S.K.: 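Starting off with a structure, shown below.
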Amino acid sequence: MFKKGRIGFFLLYFVGIFFKKNQPTYYMPVHQDDHYKDITELYDAYQVQFKKWAKWHFPQYDSLVHEDVFHDALIIYWENYKKGKFQDLTAPLINLLIGIAYNLFRKMGSKQVLEFVEQMPETERTAVQSVLEDIIGEETSAEQKIWLNGAFCQLGGECQRLLTLFYVEQKKINEITEIMGYKNNNVASVMKSRCLKTLKEILENHGKPK
Amino acid sequence: MVNLNDEDRQLIERHLDGLLTTTEQLEFAQKCQSDEVFAAQVRAYEQAVSAVKVGNRAQLKAQLTQHVQKKKVKRMKLLRGWFVGLSAAASLVIGWFVFGHNAPKTYSYEEAFQVAFQPAHSGGIEKGAPTQTSLLDSAYQAYDNQNWQVAIALFDRLDAPKPKTLFLKANAYLAIGQPEKATPILNDLKKNPQLAERQEDIDWYLALCALRKGDTEGVQKLVAMPNHLYYARAQKLLEQIKR
């Protein structure tokens, strides 16, 4: 027969399960498939988990800030993924995104220290550390970003693609030749030099903001 | 704008791509210190590379923002669809309650007859001639059980049916939808002084017989008599048919 105490215990147990179920944890079950076609697919795959996590741990920021941080985390991940940085990583992707976002929040002035991020497994910590330069080392002001982006936008589509492949995705000249469909590596090399020179000239013509 | 020679340009590009050897790096640093024009060009090229990174990031950001906007629009459309659907459903339900549920119904002649017709009560067993008592009992019983065909058959077997029995027989005919057989019985009964107290009932059932055949004249006659027992019912019936 149940005594009152036991009933109370079971009630508390089920309430505990309910809250535990609704509390976002660091190690969320995620699928390992990271072969996403583009960044928007990545967004769709992790936005719910990420926003839940951000809302839980950084409630002082509103949902727009959470969204913005998620975008930045995705972009940092995506750029590095394209460079081939995370090819052999077996850690759940959401852990990397959370690790990157945690550092972004701290850069914004958040004092929160999340034990589970600080003490994450070595593989994930190394992966996040490897992209921290993108977060912390970036000293470009907002005006400078607008100026640089304005110049980049004035480049032709082919030059944009070629320079992105070389300087962002860090592809080799022979890979670029294949991707862009050039006759040989020499053509790709010449094109790259020409595009970079054009971009430099656009920047010079527009004048650097103070 | 300064035009660099090819050699310097290639040197800067090799520096940007991280291809300089240690010795070349030292020479490159010395050149930057001694030649201000060259150093300015190195900075300009470095800014160009930064522009590629910033531009690519801005494109990715724009792609994400656009994607989020599209999702929002899609969600709004979906919500609007749900809202419109639910509003329409709610309007229909409210409309039905306000207008449909309480709205007076329009009847055809047959429907009006079905609504208005209530078979007359037998008023319990009436004792007939001793030999006929059990037969009459059975007929009344069948009538009370709304077993109309049996009741009619039993009423027919009575040797000398009383006026009340005939009245019930006419009701049974009306109940099975044979007003043409009920009408002559009721017309005969109307002339019978024994049923003087049920004259108004007979009027009503005659009017219903006519109505069943698609004729409202009988009902109209009742409406013309405000003191008639069935005046109100006849009036209501007529209104329902008119609508």
Side-chain angles (χ1 to χ4, degrees), chain A residues 38-44 47 64 67-68 70-79 82 134 138-140 142 144-155 159-170 172-173 189 192-206 208, chain B residues 1-21 24 28 31-32 35-79:
Chain A
D38 58 32
I39 198 166
T40 57
E41 277 191 8
L42 196 64
Y43 176 92
D44 289 340
Q47 61 141 336
L64 284 174
E67 180 82 41
D68 206 43
F70 184 43
H71 284 196
D72 288 343
L74 281 176
I75 289 167
I76 290 166
Y77 168 79
W78 188 254
E79 280 177 352
K82 283 284 179 183
D134 293 336
E138 198 182 68
E139 298 298 335
T140 323
Q144 273 185 324
K145 276 182 186 171
I146 294 167
W147 171 61
L148 293 170
N149 184 38
F152 184 71
C153 287
Q154 283 185 40
L155 271 184
C159 273
Q160 283 185 1
R161 179 92 183 100
L162 197 155
L163 292 177
T164 302
L165 284 170
F166 193 82
Y167 288 108
V168 179
E169 298 184 17
Q170 296 182 346
K172 291 185 176 116
I173 284 292
S189 201
K192 188 211 92 183
S193 296
R194 201 178 288 168
C195 289
L196 190 65
K197 192 183 168 203
T198 312
L199 182 57
K200 185 206 75 161
E201 284 169 2
I202 293 170
L203 284 167
E204 282 174 341
N205 289 338
H206 275 69
K208 191 179 176 183
Chain B
M1 198 189 299
V2 180
N3 276 321
L4 282 172
N5 59 45
D6 278 354
E7 200 181 321
D8 282 348
R9 190 176 48 75
Q10 279 173 7
L11 184 67
I12 294 171
E13 279 189 35
R14 289 186 67 225
H15 155 72
L16 292 173
D17 300 350
L19 298 174
L20 294 180
T21 60
E24 283 174 327
F28 183 83
K31 194 174 168 76
C32 282
D35 188 346
E36 273 187 26
V37 178
F38 179 78
Q41 284 300 302
V42 172
R43 283 196 296 276
Y45 267 100
E46 281 171 348
Q47 278 170 345
V49 173
S50 294
V52 176
K53 289 175 181 170
V54 169
N56 178 64
R57 214 165 260 198
Q59 278 180 354
L60 287 172
K61 190 112 183 162
Q63 202 180 338
L64 280 172
T65 310
Q66 210 177 353
H67 180 66
V68 172
Q69 281 299 324
K70 269 186 194 171
K71 278 175 81 108
K72 265 186 193 167
V73 171
K74 209 172 165 183
R75 203 183 309 136
M76 282 304 290
K77 274 185 184 172
L78 195 74
L79 277 173

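The shown structure was predicted, so the numbers you read here are calculated from the model rather than taken from an experiment. Letters go in sequence order (proteins before strands), and every chain restarts at 1.
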S.K.: Test of understanding: with ring-ring contact (aromatic ring centres under 6.0 Å, His included), list the residues that count as partners of B:Phe38, not counting sequence neighbours.
M.R.: B:Phe28

S.K.: Please flag which part of B:Glu46 lies under 4.5 Å from any non-hydrogen atom of chain A: side chain, backbone, both or neither.
M.R.: neither

S.K.: Report which part of A:Gln170 has an atom under 4.5 Å of a heavy atom belonging to chain B: side chain, backbone, both, or neither.
M.R.: neither

S.K.: Heavy atoms only, distances under 4.5 angstrom: which of A:Leu74, A:Thr198, A:Ile202, A:Val168 has the most pairs with chain B? Name it, please.
M.R.: A:Val168

S.K.: Taking side-chain contact (heavy atoms from CB on, under 4.5 Å) as the test, write out the residues that go with A:Ile146, two or more places apart.
M.R.: none

S.K.: Measure the CG-OH distance between B:Asp8 and B:Tyr45 for me, rounded to the nearest 0.5 Å.
M.R.: 10.0 Å

S.K.: As an exercise: rank B:Thr65, B:Val68, B:Leu16 by heavy-atom pairs under 4.5 Å with chain A and give me the winner.
M.R.: B:Val68

S.K.: Relative to chain B, which segment of A:Phe166 carries a heavy atom at a distance below 4.5 Å: side chain, backbone, both, or neither?
M.R.: side chain

S.K.: Rounded to the nearest 0.5 Å, what separation is found between the CD atom of B:Gln63 and the CG atom of B:Leu60?
M.R.: 6.0 Å

S.K.: Looking at B:Gln59, B:Lys61, B:Lys53, which makes the most heavy-atom pairs under 4.5 Å with chain A?
M.R.: B:Lys61

S.K.: Between A:Leu163, A:Thr40, A:Asp72, A:Asp68, who has the most heavy-atom pairs with chain B when the cutoff is under 4.5 Å?
M.R.: A:Thr40

S.K.: Are a donor atom and an acceptor atom from the side chains of B:Gln47 and A:Glu204 found within less than 3.5 Å of each other?
M.R.: no

S.K.: Minimum heavy-atom separation for A:Lys200 and B:Ala44, please, with both atom names.
M.R.: CG-CB, 3.6 Å

S.K.: Side chain, backbone, both or neither: which part of A:Lys192 has a non-hydrogen atom closer than 4.5 Å to chain B?
M.R.: side chain

